[in-house]
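What follows is one structure encoded as structure tokens, with my remarks underneath.
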Amino acid sequence: MRLKNKLRFGIGFLFLMALISSGLADYYLNRLSSDSKLILKNNYRSITYSKNIGEALDDGKTNSSANQQIIETNLTQEEHNITEPGEAKLAATLRANFELYKLAPGNILYKNNIRAAVYAIMQLNMTAIQHKSDTASKTADDAVIIVSLMGSLCFLIAFSFWVNFPSYIANPVTKNIDNLKQASDNKTTFIATVSHELKTPISSMKMGIKLLQDERVGTMNTEQQQILENIEDDAKRLLQITGELLNAAQAETGNIQLNFGSAHPTNIVNYAVKSIKSLADQKEITIAINCPETLPNVMADLDKTTWVLINLLSNAIKYSPVKSTIDLSIQTKGKNVIEFAVKDAGRGIDAMYLSRIFERYFKVPDADPEKTGTGLGLAIAKDFIEAQGGAIGVSSQPGIGSRFHFTLIVNNA
């Protein structure tokens, strides 16, 4: 069963239980209301009519036209309000004796017969009221028992549902997730293995290129030299990609191995600038360094931090115009933080892409395809810096350039 259908089933089941409970409660409340109305409506009227007849009969002026009219009116109403078994016969007896009494008002027998019939009608309806009251009470008791049992059953079912349904939903999801995690782990392992295996032949290719460029091996014409330089560029690019893939695999598995030590920012800057000097010279780009010797040491993994700075400088060189200047500045930010910042003079990044610039495999859509890499460099840089307790960010304006910066913790030891 699909997850959506399971949720529909669960919610629908709970809705059904609530509907059954409310339906039972409504049914018994209506029965109680109906029984109560019967008690008040029919039998109470008969008792009232009988009471009025009895009072008129005992007035002492029974033979007066006013009292006879009272008896006539109430007797007629009683004849139209017959509700109990035997009540019609008593009403007929009352009518027969009243008709005889009207002909002989002084006859005590007829008067006693009328009184006896009135008493019998009152007694009959009082007994009916008691019976209906008992019925209403029984209905109320039954309602309490049934609703309580139903409520308890609903509670037990709902409790069982509450305990078991989350697992019913979560277990398959946990198993999707586990499969996806396993697939992701397999993918990461595969990438790491392939990347590692590729590094050896690529390094051999680079060594072969160096040998071919050595004039002691033999001279090459201009066209051959150009082809060899292109191969060398491709080999460098492949080596960079495999290095990034290895670093990405390390970051994805959460197994970033850090070798912390105390280092002065100057050491990090000098190593990074030396590594990208040839790349900058090719475009006649100047790197303006502002790294005061008075800055305190930082706690950092020297290799990984230098890799990050090299990556930022390489990107700045790629996107900066020929004969431009890149600013590399290191300064304190607060009491315990040192900021490394690289500002280029490139085309800049549109604001809509800034929030995604450090995502894996993300590339700015309108960027020059010859300048973009794998889309992993900045994502790896973010992982490396954050693993050291720092932060990385970017600010940019189209047409002016971009400023990438990261922070490291000061070594207070």
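These numbers come from a predicted model, not from an experiment.
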Spell out, as yes or no, whether a donor-acceptor pair under 3.5 Å connects the side chain of [X] to the backbone of [Y].
X: Lys283; Y: Ile317; result: yes
X: Asp301; Y: Phe260; result: no
X: Thr76; Y: Glu72; result: yes
X: Asn74; Y: Ile70; result: yes

Report task. Check whether more than 12 heavy atoms from other residues, nucleotides or ligands sit under 6.0 Å from atom CD of Glu99, and answer yes or no. Result -> yes
Query raised in the report: Cationic tip of Lys382 within the cone over Phe358's six-membered ring, i.e. under 6.0 Å and within 45° of the normal?
Result: no
Can a side-chain donor-acceptor contact be found between [Y] and [X] if the only test is distance below 3.5 angstrom?
X: Thr305; Y: Gln388; value: yes
X: Asn81; Y: Ser46; value: yes
X: Thr73; Y: Gln69; value: yes

Return a table of donor-acceptor pairs under 3.5 angstrom between the side chains of residues 119-130 and protein atoms on other chains or two or more places apart.
{"unit_1": "Asn125", "atom_1": "OD1", "unit_2": "Asn43", "atom_2": "ND2", "d": "3.0"}
{"unit_1": "Asn125", "atom_1": "ND2", "unit_2": "Glu87", "atom_2": "OE2", "d": "3.3"}
{"unit_1": "Asn125", "atom_1": "ND2", "unit_2": "Ile121", "atom_2": "O", "d": "2.9"}
{"unit_1": "Thr127", "atom_1": "OG1", "unit_2": "Gln123", "atom_2": "O", "d": "2.8"}
{"unit_1": "Gln130", "atom_1": "NE2", "unit_2": "Asp134", "atom_2": "OD1", "d": "3.1"}

Report task. State plainly whether the residues Arg403 and Glu339 are in salt-bridge range, i.e. N to O under 4.0 Å. Result ->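 Between Glu339 and Arg403 there is a salt bridge, with a charged N closer than 4.0 Å to a carboxylate O.
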Query raised in the report: Taking NZ, NE, NH1 and NH2 as the nitrogens, is one of them in Glu78 or Arg95 under 4.0 Å from a carboxylate oxygen of the other?
Result: no
Return a table of donor-acceptor pairs under 3.5 angstrom between the side chains of residues 290-298 and protein atoms on other chains or two or more places apart.
{"unit_1": "Asn297", "atom_1": "ND2", "unit_2": "Ser262", "atom_2": "OG", "d": "3.1"}

Could you go through residues 271-278 and list every donor-acceptor pair under 3.5 Å that involves a side-chain atom there, pairing it with any protein atom two or more places apart or in another chain?
{"unit_1": "Ser275", "atom_1": "OG", "unit_2": "Tyr271", "atom_2": "O", "d": "2.9"}
{"unit_1": "Lys277", "atom_1": "NZ", "unit_2": "Asp281", "atom_2": "OD2", "d": "2.9"}

Query - Qualifying residue, where the test is side-chain contact (heavy atoms from CB on, under 4.5 Å) with Phe340 and the options are Leu328, Ile385, Ile268, Thr407 - result: Ile268
